[in-house]
Amino acid sequence: MTPQDIIDATNTFGRYGVPEENIFQEVMRARYLDYFLFSNPSNAQYGISIEDLYENMKKTADRLGLYEGDADTYARVYTLALRVDPMAFAPGAGTARQEVRALLKEAGKKAEEAGQTILFSGAENYLPVLDDLFKDLTTKRIALAMNSPEWKEKLHMVFPRGRMMMEEELDADTEAYNYIFNWETSSIAHAASITRRLSEKGTMDVLIPYALLLEDSEEAEDARKALAAEGKLVSYYDTDLGGKEYAFLRFAGEKSPAVSFGESGFEAGAFHGYDTLKLSSEDFAAADDWNIDIYAYNGSPALQSILAGNILDLDHSIGKVFEGLMPGRLSAGYYDGLSAEGISDSGIRKDLISSAPAEEGDEGIAVRSGDLVITVRDGSVKTAVIPEGTSCVLAPGILALRPSGRYTSWYLKLYLDGPVGQLFLNTMKAGYSYHLITERILRLPLPKADDMVIREADALCCKTAESLAKAEEAWRNAKRDSVALMMGHGQA
């Protein structure tokens with residue numbers, strides 16, 4: 001539903017005597033009544049009267065309260081409630097990012113191709129797309145697993161033909177599922193336990209936070225080794241969801257000869273997997289490593305040579321000497337804002353910094369002089385150092401790093417803009433798009449340097465950027481003045 005659709009439906013419910021806070025209650029009631037009333041073959045063939053519908057509504061009063069209007073008006077409420085997306089009115093359901101919708105669309109496609117039994121685990125993490133899944137998979141037997149007893153009860157009412165269960169109930173579940181989608185929030189060990197619910201010819205997709213996949217615990221290590229030894233991992237894609245890094249893992253019900261490694265892309269609202277390296281399942285198990293960076297770097301022959309020559313130390317990463325700045329709450333007031341257009345190779349375009357109001361509690365990344373900002377524009381990565389005397393709040397799509405030691409942002413800019421830094425940044429490319437994530441940039445290796453080299457790099461980068469900024473400003477002025485020069489005079 002579009003925002004206007006939601007507003008229109010809310011107003012219509014209001015005219016029928018249903019206040020906004022009760023809409024989801026009526027949607028649950030209508031969905032529940034519709035399923036059970038029309039499961040009766042006689043009702044399905046002949047329909048039911050408005051009076052029968054009204055009387056059955058009263059039977060749900062103990063769970064959902066009583067609708068106070070008359071029978072005719074309730075029939076209108078019932079009809080409208082069946083037309084709307086229920087999760088658009090569910091308190092606490094939130095909204096789903098385009099990338100999340102694309103991932104679940106991919107999941108729905110895999111489920112459609114699979115057999116009859118489907119499991120969506122971690123369902124409370126993608127509530128806004130559940131209605132689409134049930135509509136697209138009308139011929140499937142769908143089970144939803146979640147951690148919230150409250151959502152289990154609500155979803156049972158909204159999707160009564162589905163089977164609702166708690167995550168811990170999966171251990172005792174005897175069903176063999178033809179397709180499983182698991183948004184994992186507990187542990188890689190929990191994800192591994194769910195793979196045992198997969199049928200022999202089935203497919204299982206796991207979306208798990210990258211940090212959780214690489215969790216440093218004995219239980220997590222045992223789970224990773226067991227999954228690698230089984231040889232059923234088909235693909236492993238690094239995935240960016242709103243600036244947070246996830247691993248998107250696909251498993252088969254039977255052994256796979258090889259594992260593909262790469263990046264997730266979401267062009268045109270659809271999921272795409274971009275492979276950078278393929279490794280035999282035996283070699284992957286022998287490597288005993290789930291660090292996506294290892295496979296991304298080995299997918300580049302140039303980086304293979306650099307790393308093989310010990311030119312860089314993977315343990316000396318950017319994150320050892322820089323910190324990533326995360327969004328924080330802002331106080332009410334006006335702030336100078338920096339957009340992606342204001343970041344160029346030459347530095348910050350001060351003429352594009354503009355003041356904008358913020359409400360109390362709004363979030364943003366506040367930067368100050370000496371910080372490095374990074375964004376993607378016009379198909380390439382742009383970096384710039386915040387100049388002296390400047391502080392601002394970043395628009396979405398801009399990352400920021402702050403030096404925490406003797407290495408400077410000028411030094412880091414020169415490295416990232418240079419050929420070696422570009423090779424590493426290209427490992428975060430999916431198709432024609434970069435998926436820059438702060439935590440992944442912090443894992444990039446940084447060349448070691450003493451104080452003298454850092455000072456020399458600073459001077460070189462700062463001086464060159466200053467010259468470039470002057471040249472760019474002169475060119476912008478020339479383009480501006482061309483209007484008066486070429487258009488401001490009549491023909492000779």
Side-chain angles (χ1 to χ4, degrees), residues 210 237-247 261-267 272-277 291-309 311-325 340-341 343-348 365 371-385 394 396-403 407-449 457 461 464-465 468:
Y210 183 76
Y237 294 112
D238 197 72
T239 304
D240 172 13
L241 295 180
K244 297 180 181 178
E245 187 176 17
Y246 288 80
F261 299 89
E263 299 290 316
S264 295
F266 299 98
E267 288 74 26
H272 302 276
Y274 294 94
D275 296 348
T276 56
L277 180 72
N291 183 342
I292 191 62
D293 301 326
I294 297 296
Y295 304 104
Y297 301 161
N298 278 285
S300 165
L303 286 180
Q304 280 185 14
S305 300
I306 291 172
L307 296 175
I311 299 172
L312 289 171
D313 180 358
L314 288 177
D315 289 331
H316 187 257
S317 65
I318 293 174
K320 295 293 174 92
V321 289
F322 285 81
E323 63 173 310
L325 302 184
E341 289 71 23
I343 300 173
S344 68
D345 292 331
S346 63
I348 299 299
I365 299 176
D371 292 339
L372 183 76
V373 290
I374 308 171
T375 194
V376 177
R377 199 180 74 253
D378 301 328
S380 63
V381 179
K382 305 291 183 183
T383 68
V385 179
L394 304 181
I398 306 176
L399 309 181
L401 306 180
R402 178 169 293 165
Y407 287 85
T408 66
S409 291
W410 287 110
Y411 179 87
L412 181 56
K413 172 180 170 58
L414 193 62
Y415 171 58
L416 292 178
D417 288 359
V420 176
Q422 290 294 304
L423 285 173
F424 280 106
L425 290 173
N426 284 342
T427 64
M428 304 178 199
K429 206 169 187 181
Y432 296 103
S433 303
Y434 285 90
H435 289 162
L436 301 185
I437 308 173
T438 299
E439 56 194 291
R440 195 166 178 193
I441 290 176
L442 292 174
R443 296 200 303 267
L444 296 180
L446 183 69
K448 293 180 179 179
C461 189
T464 306
L468 183 58

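- Residues Phe424 and Tyr297 place their aromatic rings such that the two centres sit under 6.0 Å apart.
- Legend: residues meeting side chain to side chain donor-acceptor pair (under 3.5 Å) with Thr383, ordered by chain and number and at least two apart, are Lys413, Asp417.
- Inter-residue side-chain proximity for Ile343 and Ile348 is flagged as met; some heavy-atom pair is nearer than 4.5 Å.
- Inter-residue side-chain proximity for Thr276 and Thr427 is flagged as unmet; no heavy-atom pair is nearer than 4.5 Å.
- Across all non-hydrogen atoms, the minimal contact from Thr438 to Gly324 is CG2-CA, 3.7 Å.
- You'll find the side chain of Phe266 stays beyond 4.5 Å of the side chain of Ser433, heavy atoms only.
- The closest side-chain heavy-atom distance from Leu444 to Leu425 is below 4.5 Å.
- Thr375 approaches Ala340 most closely through the heavy-atom pair OG1-CB, 3.7 Å.
- Distance check: Asp238 CG to Phe261 CZ gives 12.0 Å after rounding to the nearest 0.5 Å.
- Partners of Glu267 by side chain to side chain donor-acceptor pair (under 3.5 Å), not counting sequence neighbours, listed by chain and number: Tyr274.
- Side-chain contact check for Leu446 versus Leu412: some heavy-atom pair is nearer than 4.5 Å.
- Once rounded to the nearest 0.5 Å, the distance linking CD of Gln304 with CG of Leu277 reads 8.0 Å.
- Annotation: side chain to side chain donor-acceptor pair (under 3.5 Å) contacts of Tyr411 (sequence neighbours excluded): none.
- Taking the six-membered ring wherever Trp is involved, the centroid distance between the rings of His316 and Tyr407 falls below 6.0 Å.
- Here the CD1 atom belonging to Ile437 is positioned 8.5 Å from the CD1 atom belonging to Ile441, to the nearest 0.5 angstrom.
- Looking at heavy atoms from C-beta onward, Leu372 lies in side-chain contact with Leu416 at the 4.5 angstrom threshold.
- In terms of heavy-atom proximity, Ala384 sits nearest to Ser344 at CB-O, 4.0 Å.
- Across all their heavy atoms, Ser409 and Leu401 have their closest contact at OG-O, 4.4 Å.
- Atom NZ of residue Lys448 and atom NZ of residue Lys320 lie 9.5 Å apart, to the nearest 0.5 angstrom.
- Side chain of Tyr210 to backbone of Ile292: a donor-acceptor contact under 3.5 angstrom is found.
- Ion pairing of Arg443 with Glu245 is present here, as a side-chain N (NZ or NE/NH1/NH2) and a carboxylate O approach within less than 4.0 Å.
- The two atoms that bring Pro403 and Asp371 nearest to each other are CD-OD1, 4.3 Å, heavy atoms only.
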Check the pair Asp240, Tyr246 against side-chain hydrogen bond (donor to acceptor under 3.5 Å, both in side chains), reporting the backbone distance first and the verdict last.
-> CA-CA 6 Å; Asp240 172 13; Tyr246 288 80; over 6 Å; no
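- Here the CE-NE2 distance, from Met428 to His435, works out to 12.0 Å after rounding to the nearest 0.5 Å.
- Proximity of Leu436 to Val376: side-chain heavy atoms (C-beta onward) are separated by under 4.5 Å at one or more points.
- Put simply, CD on Glu263 and CG on Asp275 are 10.5 Å apart, with the number rounded to the nearest 0.5 Å.
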Would you please test Leu394 and Val373 for side chain to side chain contact (heavy atoms under 4.5 Å, CB included) and show each step?
-> CA-CA 9 Å; Leu394 304 181; Val373 290; 3.9 Å; yes
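- Shortest non-hydrogen contact noted between Tyr237 and Ser264 is CB-OG, 3.3 Å.
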